[in-house]
Amino acid sequence: MITVYNTLGRVRQTFEPLEEGRVGMYVCGPTVQSAPHIGHGRCAVAFDVIRRYLTWRGWDVLYVQNITDVDDKIINRAAELGVTTEDLAAEMTERFLTSYRRLGVLDPDVTPAATHHIPEMIELIAGLVRQGLAYASGGDVYFRVRALEGYGKLSGRNVDELRIGARVEPGIDKEDPLDFALWKGAKPGEPSWPSPWGEGRPGWHIECSAMSAKYLGVPFDIHAGGADLIFPHHENEIAQSEGATGGPFARYWLHNGMVNLGGEKLSKSTGHIVDLAEAIETYGGPVIRLFLLRAAYRSPIEYSEASMRDARGSLDRLRSFVRRAPSAGPPDAAALDRFVASMEDDFNTAEALGAVFETVRQGNARLDRGGEAGPLIAAVREITGVLGIDLESAGLEGLAEPLAELAARYEVAAGSAEGMVRRLVAARTAARRSRDWSRADAIRDDMAGAGIVIEDSADGARWYRR
RNA sequence: GGCGACGUGGCCGAGUGGUUAGGCACAGCUCUGCAAAAGCUGCUACACCGGUUCGAUUCCGGUCGUCGCCUCCA
């Protein structure tokens, strides 16, 4: 039985999909205006893990993550750079998807882009206008917030308190400052589409209402995203969708905590950012993924180099363990049970990892005593697989050059990166046999300098990339 | 000001009304040509003040502090 914390209602509750054995999941994706930062990675990883877990548990998950490819920020940024909005969006989309993959995030089943769903959005807006829940004003269309019962139920706000803070842009004719745009009339030179209200483009919130309904149907099971989207984005999605259908929209709302730097949230608009691609380049995808999974997905986490080093140390421990012996037999049942119990408690990956490390210690202790640890290793492999933590890849990308240099220095044949590593390790083993300690140590030190760690053991040398 | 979350040992970070989270770091020992890895041992906590209770880090109230949202944001 899975328990989840539902932002809607702020309660823990049993997760029961609408249809037995099937789960529909919609994750709010990025606005592709600039490159991804660690916070985007956290969101992607958090819900990728949930998807993987549900899948592993035997459920059929339909996973949708959108791309917002039209928006004021994109228009402005493209103008600054002197490129088209399409080109900018396409390039940034690619960068997001590449970084996500390097974090071990599986591709969504559907990755809908807003600009490919304009007709669906127009239809939805037209329906809201017909029902009196929206109105055209100038070339814009606004949602009439006060016309909808229950607005604010997700974020715990009430309309009378909101009134004071609501943003009113000059020159815009809203009936009420709380009302938000469903459709924005185009200014000259802006990308636009024809609509019953004139040329224009969709507001931000409407895309998620339209696309989630299209791919998952309404209502659907899980709607997820960053905690900073609770208000107004998700609140407005609910207003639009429930206004349009008269019934419930998404059943479980899951929100990941923010990634902070120096105690403050990362934010594109302020430039307070840890670039995701750079971090991946520096530490590798698996280290970052482990860093992200060490805390529960709802807690805020602090990015720091010290934390990344910790995460690398932890990853090394896992890798060293599974390299000691092959998996054998079915995965250890006790280890799996602990993993399942942790995950079913609101997908508590931090606790799940605690159980993994205890399994590692048990396994190491058994191996030290000359015993068998096949099932324990199998369990660790199984669990890290579900968590999407890659313990396997040698990851020798980018090392061809330094390895070739070392191959030349120690007079072994050049070739593929992996081949050179093997030959260098063999050369060191030979040096050790002839008790040429200085040569053996030099090879080990130089390899370490290149990022390849060599460890001796009873049954030969093992190596892995740091 | 309103709404929400949170304050755990050197650091990161789970969890619980009375029993070891875990990782990283540190010290000692074992093992090892050296090292690393690994094992064992050690170090050690629940912001503060009240209350409930036989007993609270864990429930309730208050204080202080931090963070998020209230405007675009994963």
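Convention: sequence-line order gives letters A, B, ...; per-chain numbering from 1.
OP1 or OP2 of B:G4 has not a single side-chain nitrogen or oxygen of A:Arg157 nearer than 4.0 Å. Checking the phosphate oxygens (OP1, OP2) of B:C67, no side-chain nitrogen or oxygen of A:Asn260 falls inside 4.0 Å. Distances shorter than 4.0 Å separate none of the side-chain N or O atoms of A:Arg369 from OP1 or OP2 on B:U30. Put simply, A:Lys265 has a side-chain N or O that comes within less than 4.0 Å of OP1 or OP2 on B:C69. Remark: A:Arg462 is not in phosphate contact with B:A37, judged by side-chain N or O atoms under 4.0 Å from OP1 or OP2.
Remark: the backbone N or O of A:Leu106 is paired with a side-chain donor or acceptor of A:Asp48 at under 3.5 angstrom. Judged purely by atom type and a 3.5 angstrom limit, A:Asp345 has no side-chain atom pairing as donor or acceptor with the backbone of A:Asn348.
In this structure, A:Val259 reaches the bases: a heavy-atom distance under 4.0 Å links it to at least one base atom across the strands shown. Across all strands shown, A:Gly152 has no heavy atoms under 4.0 Å from either base or sugar-phosphate atoms. If you check every strand for non-hydrogen atoms under 4.0 Å, A:Gly39 touches a base. The residue A:His37 sits close to a base: some heavy atom pair falls under 4.0 Å. Contacts of A:Leu229 with the nucleic acid, taken as non-hydrogen atoms under 4.0 Å apart, involve only primed sugar atoms and P, OP1 or OP2. Nucleic acid contact class of A:Gly29 (heavy atoms, under 4.0 Å, all strands): sugar-phosphate only. At the heavy-atom level, A:Leu266 lies under 4.0 Å from base atoms of the strands shown.
Of the candidates B:A14, B:G39, B:A74, B:G39 carries the atom nearest the A:Asn364 side chain, counting heavy atoms from C-beta on. With B:A37, B:A74, B:C3 as the choices, the nucleotide that has an atom nearest any side-chain atom of A:Glu455 turns out to be B:A37.
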May I have the list of side-chain donor-acceptor pairs in residues 352-359 of chain A shorter than 3.5 Å, sequence neighbours left out?
| from | atom 1 | to | atom 2 | distance (Å) |
| --- | --- | --- | --- | --- |
| A:Glu358 | OE1 | A:Arg338 | NH1 | 3.0 |
| A:Thr359 | OG1 | A:Ala355 | O | 2.9 |

List the atom pairs, donor and acceptor, that lie under 3.5 Å between side-chain atoms in residues 24-34 of chain A and the rest of the protein, sequence neighbours left out.
| from | atom 1 | to | atom 2 | distance (Å) |
| --- | --- | --- | --- | --- |
| A:Tyr26 | OH | A:Asn66 | OD1 | 3.4 |

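Judged by closest nucleotide on RNA chain B, A:Gly354 is the one of A:Gly354 and A:Glu264 placed further toward the 5' end. Of the residues near RNA chain B, A:Ala311 and A:Val453, the one whose nearest nucleotide (by heavy atom distance) lies more toward the 5' end is A:Ala311.
Within the model, atoms NZ of A:Lys187 and CG of A:Asp72 stand 6.5 Å from one another, a figure rounded to the nearest 0.5 Å. From A:Asp446, atom CG reaches atom CZ of A:Arg409 across 4.5 Å, with rounding to the nearest 0.5 Å. Distance check, rounded to the nearest 0.5 Å: OG1 of A:Thr3 to CE of A:Met1 gives 4.0 Å. Rounded to the nearest 0.5 angstrom, A:Asp228 CG and A:Asn256 CG are separated by 8.0 Å. Here the CD1-CG distance, from A:Ile383 to A:Asp332, works out to 8.5 Å after rounding to the nearest 0.5 Å.
Rounded to whole Å, the P atom of B:A14 lies 15 Å from the corresponding atom of B:G22. Look at the C1' atom in both B:U30 and B:G68: the space between them is 49 Å, to the nearest Å. For the C1' atom pair drawn from B:C59 and B:G17, the interatomic distance equals 8 Å after rounding to whole Å. Between B:A5 and B:G15, the distance separating the two P atoms is 15 Å to the nearest Å. When the P atom is compared between B:C29 and B:G10, the two are found 24 Å apart, to the nearest whole Å. The C1' atoms of B:G9 and B:A25 are separated by 13 Å, rounded to the nearest whole Å. To the nearest whole angstrom, the two P atoms, one in B:C54 and one in B:U16, are 24 Å apart. Taking atom C1' in both B:A56 and B:C69, one finds a spacing of 32 Å when rounded to whole Å.
The distance from atom CG of A:Asn348 to atom C1' of B:U16 is 13 Å, rounded to the nearest whole Å. Atom-to-atom, CZ of A:Arg338 to C1' of B:G15 comes out at 11 Å; the value is rounded to the nearest Å. One can place CZ of A:Phe231 at 17 Å from P of B:G2, the figure rounded to the nearest angstrom. Atom CG in A:Leu178 sits roughly 14 Å away from atom C1' in B:G2 (whole-Å rounding). Rounding to whole angstrom units, CG of residue A:Asp368 and C1' of B:C31 are separated by 9 Å. A:Tyr297 has its OH atom 14 Å from the P atom of B:A5, to the nearest Å. Straight-line distance from the CG atom of A:Asp228 to the C1' atom of B:G4: 14 Å, rounded to whole Å. Taking atom CD on A:Glu358 and atom C1' on B:G15, their separation rounds to 12 Å, with Å as the unit.
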Test ring-ring contact (aromatic ring centres under 6.0 Å, His included) on A:Tyr252 and A:His223; report intermediate values, then the result. CA-CA 6 Å; A:Tyr252 300 92; A:His223 191 128; over 10 Å; no

When you look at A:Thr7 and A:His255, which way does the side-chain hydrogen bond (donor to acceptor under 3.5 Å, both in side chains) test go after all the steps? CA-CA 7 Å; A:Thr7 305; A:His255 291 98; 2.7 Å; yes

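Checked against A:Pro286 for a side-chain contact (heavy atoms from CB on, under 4.5 Å), the options A:Asp390, A:Leu391, A:Leu103, A:Thr384 give a single hit: A:Asp390.
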All N/O pairs under 3.5 Å across the protein-nucleotides 6-13 of chain B interface:
| from | atom 1 | to | atom 2 | distance (Å) |
| --- | --- | --- | --- | --- |
| B:C12 | O2' | A:Arg294 | NH2 | 3.1 |

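Within 3.5 Å, a donor on the side chain of A:Asp456 pairs with an acceptor on the base of B:C34, or the reverse. Not a single donor-acceptor pair, N or O on each side, falls under 3.5 Å between the base of B:C24 and the side chain of A:Arg309.
The aromatic rings of A:His205 and A:His233 lie tilted to each other, with the angle between the two planes from 30° to 60°. Below 30°, between 30° and 60°, or above 60°: for A:Phe249 and A:Phe220 the angle between ring planes is above 60°, a perpendicular geometry.
In this structure, A:Lys174 does not pair ionically with A:Asp140, as no charged nitrogen and carboxylate oxygen lie closer than 4.0 Å. Ion pairing between A:Arg157 and A:Glu235 fails under the 4.0 Å rule for side-chain N and carboxylate O. Between A:Asp176 and A:Arg146 there is a salt bridge, since at least one side-chain N of the basic residue sits less than 4.0 Å from a carboxylate O of the acidic one.
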If pairs are Watson-Crick or G-U with both distances under 3.5 Å, what is the dot-bracket string of RNA chain B, marking crossing pairs with [ ] and pairs to another strand with |? (((((((..(((.....[...))).(((((.......)))))....(((((..]....))))))))))))....

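Near RNA chain B, meaning a heavy atom under 4.0 Å away, there are no residues from residues 371-389 of chain A. Sorted by residue number, the members of residues 422-445 of chain A with any non-hydrogen atom under 4.0 Å from RNA chain B read A:Arg428, A:Arg432, A:Trp437, A:Asp441, A:Arg444.
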